[in-house]
Undergrad: 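Before we start, here is the structure in question, set down as structure tokens.
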Amino acid sequence: MPENNEITLPSNFIKKIIDDDLLTNKWGGRVNTRFPPEPNGYLHIGHAKSICLNFGLANEFKGLCNLRFDDTNPSKEETEYVESIMEDVHWLGFDWQDRCYYASDYFDKLYDYAVQLIKDGKAYVCDLSADEMRETRGTLTEPGQNSPFRNRTVEENLDLFERMKKGEFEDGAKTLRAKIDMTSGNLNMRDPVIYRILKVDHHRTGDKWCIYPMYDFTHCLSDSIEHITHSICTLEFEDHRPLYDWFLDELGVYHPQQIEFARLNLSYTLMSKRKLLALVEEKIVSGWDDPRMPTICGLRRRGYTPESIRDFAERIGVAKKDSTVDFAFLEHCIREDLNKHVHRVMGVLNPLKVVIDNYPDDLIEEVEAINNPEDLSMGTRILPFSKVIYIEKDDFMIDPPKKYYRLAPGREVRLRYAYYIKCVDFVKDDDTGEIKEVHCTYDPETKGGSSPDGRKVQGTIHWVSAAHCVDAEIRLYDHLFNTENPGEGDYKQYLNPNSLEVVDAKVEPMLENAEPSSRWQFERVGYFCADSKDTQPGKPVFNRTVTLKDTWAKIVKKG
RNA sequence: UGGGGCGUAGCCAAGUGGUAAGGCAUCGGCCUUUGGAGCCGACAUUCGAAGGUUCGAAUCCCUCCGCCCCAGCCA
């Protein structure tokens with residue numbers, strides 16, 4: 001049974017298989033999984049599910065999880081991606097220790113395996129072009145035809161394969177194919193290509209090879225070489241499993257158990273690496289780490305914590321049913337984490353000037369604010385208060401609707417941690433109708449936010465002192481797509497034109513030199529993260545991670 | 001029409017012959033110096049559908065329906 005450290009983790013069908021294997025001693029008590037990305041793009045939240053699953057299983061069952069780059073297609077792979085993948089896996093909180101492998105490390109061994117297959121009469125060199133191969137493969141309902149090269153002798157195949165390796169033939173001129181069954185209902189078994197000629201430099205092996213093994217051949221044998229016990233992959237590889245079984249059994253090598261699960265889909269976003277790459281290349285987003293991207297680095301820059309992503313991955317479960325998780329659930333997970341751990345602060349996104357008429361012109365007072373009501377050990381801080389302050393435009397209305405209980409003519413509200421103020425007047429721009437400033441009086445008896453006479457005020461609003469606040473650029477992010485499933489059809493037509501809104505805000509003094517990547521809750525507004533790249537001492541820039549839940553917005557929406 | 005999978009609430013997801021967990025969302029209410037957080041309550045007479053077996057079925061059998069994946073020298 002798994003050892004539960006602090007909390008009981010939910011079970012799933014994979015854990016049950018492992019429980020069972022441990023009980024029957026199928027793998028001698030070992031559990032060794034692996035996370036096998038191809039370094040051809042940045043990792044996204046879907047990969048996070050797989051990372052958390054594979055490393056999580058290893059942790060839970062006191063086993064190991066390897067990191068292995070499946071780098072068999074040098075035309076698409078780059079070192080930049082290798083580096084970003086390592087950074088992201090580490091950031092998520094997982095460690096492969098000394099077990100970072102590359103399929104390209106196994107190229108020599110893989111070549112030998114291919115030779116062995118040829119010697120056993122189980123593989124042949126085929127001269128068919130890509131088009132010819134497609135034509136003879138058959139269709140979903142019709143069997144394929146045997147290649148005219150299928151019955152070459154072992155000697156001829158050995159010679160040809162060797163010459164392929166030496167670079168005697170052009171790209172695409174020949175392939176090495178497994179000799180299986182051109183009539184199989186499973187297309188993967190119709191003499192699949194296992195080696196192709198590709199005169200391209202590899203990011204790790206340079207120009208050593210001009211033939212590269214295909215994924216199917218490489219992947220199962222890499223797992224075998226690493227003595228993986230549970231080879232966990234996504235559903236689409238379910239019908240590759242018979243091929244893997246064939247390779248492994250024909251070669252008579254160590255045979256891991258493959259288990260397939262459903263990949264993650266998230267509403268309002270895309271998980272296709274190809275489409276994400278297009279968003280980057282076409283500059284629809286600022287890069288792989290644009291805070292609107294579902295990439296790990298995008299979420300990181302947006303302010304998500306590794307804890308929240310791990311929690312999310314654990315809570316969505318693991319099953320074989322195709323599913324799309326509501327983006328709101330990811331937001332729930334990050335709110336839950338940030339609520340407990342993050343420092344609260346005052347920030348006014350859309351400032352409206354408020355003059356407190358009866359407050360002394362030159363007086364500056366200090367009020368004490370709690371840094372985190374969820375964790376009093378985080379202490380308190382001092383906020384400067386003065387005659388002119390900024391409040392949120394939304395927190396004042398000339399003609400408020402019924403349930404509105406913020407500031408309005410004649411109404412009294414509490415300035416959080418400061419004073420009760422009552423609106424006595426306002427100045428409106430005659431041309432635009434815009435409210436320029438609001439005039440209030442304050443009750444000196446209510447310092448700190450409570451009144452000696454015990455009278456109640458409905459609303460509490462946030463504020464900053466005009467003389468002390470600092471300007472901040474704030475980036476308000478929303479879904480990149482305005483439809484739940486942008487993956488269906490042409491995703492570009494669903495781009496949300498309002499996915500980024502930049503606003504000049506006024507924030508409390510302590511944020512003037514906010515550390516890059518520091519996370520904050522702006523009271524009553526949301527969670528924000530100082531941008532890791534653009535924030536500067538004296539010129540802070542914040543990304544909105546997620547809003548706070550807003551029941552007033554709901555009331556407004558309902559009308 | 002071949003092969004491989006999958007159908008439990010709006011969205012995830014437990015349950016594997018003994019009478020439908022939990023979470024998100026939603027809707028009420030309480031509380032509140034964040035309309036935050038928290039708390040309480042509601043939310044599947046039914047498990048894709050129809051038959052059958054059984055004292056008893058989401059679970060077993062049968063038939064049907066729906067959805068996903070596969071025809072790269074991509075992974």
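Reminder, nothing fancy here: chain letters follow the sequence lines and each chain counts from 1. Since we're looking at a predicted model, the values are computed, not measured.
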Undergrad: Would you classify A:E238 as touching base, sugar-phosphate or nothing, given that sugar-phosphate means primed atoms plus P, OP1 and OP2, and contacts are heavy atoms under 4.0 Å?
TA: sugar-phosphate
Undergrad: CD1 of A:I461 versus P of B:U32: gap in Å, rounded?
TA: 20 Å
Undergrad: Roughly how many Å is it from CE in A:M189 to C1' in B:G2, rounded to a whole number?
TA: 15 Å
Undergrad: Using a 3.5 Å distance criterion without hydrogens, assess whether the side chain of A:K199 forms a donor-acceptor pair with backbone atoms of A:F169.
TA: yes
Undergrad: Would you mind reading off the distance between A:N265 atom CG and B:C67 atom C1', rounded to a whole angstrom?
TA: 13 Å
Undergrad: Look at all strands and tell whether A:T218 reaches a base, only sugar-phosphate, or nothing, counting heavy atoms closer than 4.0 Å.
TA: nothing
Undergrad: The side chain of A:D326 lies closest to which of these nucleotides: B:G5, B:G10, B:G36?
TA: B:G10
Undergrad: For residues 323-335 of chain A, which residue pairs qualify under salt bridge (Lys or Arg N to Asp or Glu O under 4.0 Å), counting only residues two or more places apart or in two chains?
TA: none
Undergrad: Below 3.5 Å between N/O atoms, which protein atoms pair up with nucleotides 27-31 of chain B? Just atom names and distances, please.
TA:
residue : atom : partner : partner atom : Å
B:G28   : OP1  : A:K558  : NZ           : 3.3

Undergrad: Where the side chain of A:N372 meets the backbone of A:K340, is there a donor-acceptor pair that is under 3.5 Å apart?
TA: yes
Undergrad: Evaluate side chain to side chain donor-acceptor pair (under 3.5 Å) for A:T136 paired with A:Q145, printing each intermediate quantity in order.
TA: CA-CA 5 Å; A:T136 54; A:Q145 289 129 45; 6.0 Å; no
Undergrad: I'd like the C1' distance from B:C11 over to B:A57, given in whole Å.
TA: 27 Å
Undergrad: Output every pair passing salt bridge (Lys or Arg N to Asp or Glu O under 4.0 Å) with a member in residues 371-384 of chain A, not counting sequence neighbours, ordered by first then second residue.
TA: A:R381-A:E508
Undergrad: Would you kindly compare A:N12 and A:A418 by the position of their nearest RNA chain B nucleotide and give the one closer to the 5′ end?
TA: A:N12
Undergrad: Taking ring pair (Phe, Tyr, Trp, His ring centres under 6.0 Å) as the definition, give me every residue that meets it alongside A:H341, ordered by chain and number, with sequence neighbours left out.
TA: none
Undergrad: What does A:V318 touch in the nucleic acid at a heavy-atom separation under 4.0 angstrom: a base, only the sugar-phosphate, or nothing?
TA: sugar-phosphate
Undergrad: Could you tell me if the side chain of A:I232 sits less than 4.5 Å from the side chain of A:L57, heavy atoms only?
TA: yes
Undergrad: Considering every strand and a 4.0 Å limit on heavy-atom distances, what is the contact class for A:R315: base, sugar-phosphate, or nothing?
TA: sugar-phosphate
Undergrad: Please work out if A:P143 contacts a base, only the sugar-phosphate, or nothing of the nucleic acid, heavy-atom cut-off 4.0 Å.
TA: nothing
Undergrad: Keeping A:T295 on the side-chain end and A:W288 on the backbone end, is there a donor-acceptor pair under 3.5 Å?
TA: yes
Undergrad: Under 4.0 Å, counting only non-hydrogen atoms across every strand here, what does A:Y404 touch: a base, just sugar-phosphate, or nothing?
TA: base
Undergrad: Want to settle it: does A:K49 or A:D550 sit nearer the 5' end of RNA chain B, counting the closest nucleotide to each?
TA: A:K49
Undergrad: Mark yes or no for whether A:S104, through its side chain, and A:D71, through its backbone, hold a donor-acceptor pair below 3.5 Å.
TA: no
Undergrad: What integer distance in Å separates A:K456:NZ from B:U32:P?
TA: 7 Å
Undergrad: At under 4.0 Å between heavy atoms, what does A:E331 touch on the DNA or RNA strands: base, sugar-phosphate, or nothing?
TA: nothing
Undergrad: Go through the structure and list residues passing side-chain hydrogen bond (donor to acceptor under 3.5 Å, both in side chains) with A:R137, not counting sequence neighbours.
TA: none
Undergrad: When the C1' atoms of B:U8 and B:A14 are compared, how many Å lie between them, rounded to an integer?
TA: 10 Å
Undergrad: Give each stem of RNA chain B as a range with a range, requiring at least 3 consecutive Watson-Crick or G-U wobble pairs whose two distances are under 3.5 Å.
TA: B:2-7 with B:65-70, B:10-12 with B:22-24, B:26-30 with B:38-42
Undergrad: Check side-chain hydrogen bond (donor to acceptor under 3.5 Å, both in side chains) between A:H240 and all other residues, then give those that pass, not counting sequence neighbours.
TA: A:D216
Undergrad: Could you tell me which residues satisfy ring pair (Phe, Tyr, Trp, His ring centres under 6.0 Å) with A:H462, sequence neighbours excluded, listed by chain and number?
TA: none
Undergrad: Considering residues at least two apart in sequence or located in another chain, which fulfil the side-chain hydrogen bond (donor to acceptor under 3.5 Å, both in side chains) criterion with A:D443?
TA: A:R455
Undergrad: Checking A:Y212 now: which residues fulfil side-chain hydrogen bond (donor to acceptor under 3.5 Å, both in side chains) with it, not counting sequence neighbours?
TA: none
Undergrad: Can you check whether A:Y404 and A:W552 have ring centres sitting under 6.0 Å from each other?
TA: yes
Undergrad: In whole Å, measure the gap between the C1' atoms of B:U54 and B:G18 for me.
TA: 12 Å
Undergrad: Nearest-Å distance, NZ (A:K15) to C1' (B:A14)?
TA: 13 Å
Undergrad: Quote, to the nearest angstrom, the C1' distance that separates B:G15 from B:G2.
TA: 34 Å
Undergrad: Rounded to whole Å, please give me the gap between CG in A:D181 and C1' in B:G3.
TA: 12 Å
Undergrad: Given the P atoms of B:C60 and B:C6, what is the spacing between them in whole Å?
TA: 13 Å
Undergrad: Between the protein and nucleotides 7-9 of chain B, list the N/O to N/O atom pairs that are separated by less than 3.5 angstrom.
TA:
residue : atom : partner : partner atom : Å
B:U8    : OP2  : A:K321  : NZ           : 2.6

Undergrad: In whole Å, measure the gap between the C1' atoms of B:G41 and B:G66 for me.
TA: 36 Å
Undergrad: Which glycosidic conformation, syn or anti, is assigned to B:G10 if syn requires a torsion within 90° of zero?
TA: anti
Undergrad: Between B:A58 and B:C31, how far is it from one C1' atom to the other, in whole Å?
TA: 40 Å
Undergrad: Does a side-chain N or O from A:H332 land closer than 4.0 Å to OP1 or OP2 of B:C24, or not?
TA: yes
Undergrad: For residues A:F217 and A:Y113, establish whether the separation of their ring centroids is below 6.0 Å.
TA: no
Undergrad: Please confirm whether the ring centroid of A:Y268 lies under 6.0 Å from the ring centroid of A:F481.
TA: no
Undergrad: Rounded to whole angstroms, how far apart are CZ on A:F261 and C1' on B:A13?
TA: 16 Å
Undergrad: Counting just side-chain N and O atoms, does A:T551 come under 4.0 Å of either OP1 or OP2 of B:G36?
TA: yes
Undergrad: Measure distances between side-chain N and O atoms of A:R241 and base N and O atoms of B:G4, and say whether any donor-acceptor pair falls under 3.5 Å.
TA: no
Undergrad: Generate the contact string for nucleotides 68-75 of chain B. Rules: B means base contact, S means sugar-phosphate contact only, - means no protein heavy atom under 4.0 Å.
TA: SSBBSBSB
Undergrad: Rounding to an integer number of angstrom, what distance separates B:C69 and B:A75 when you compare their C1' atoms?
TA: 15 Å
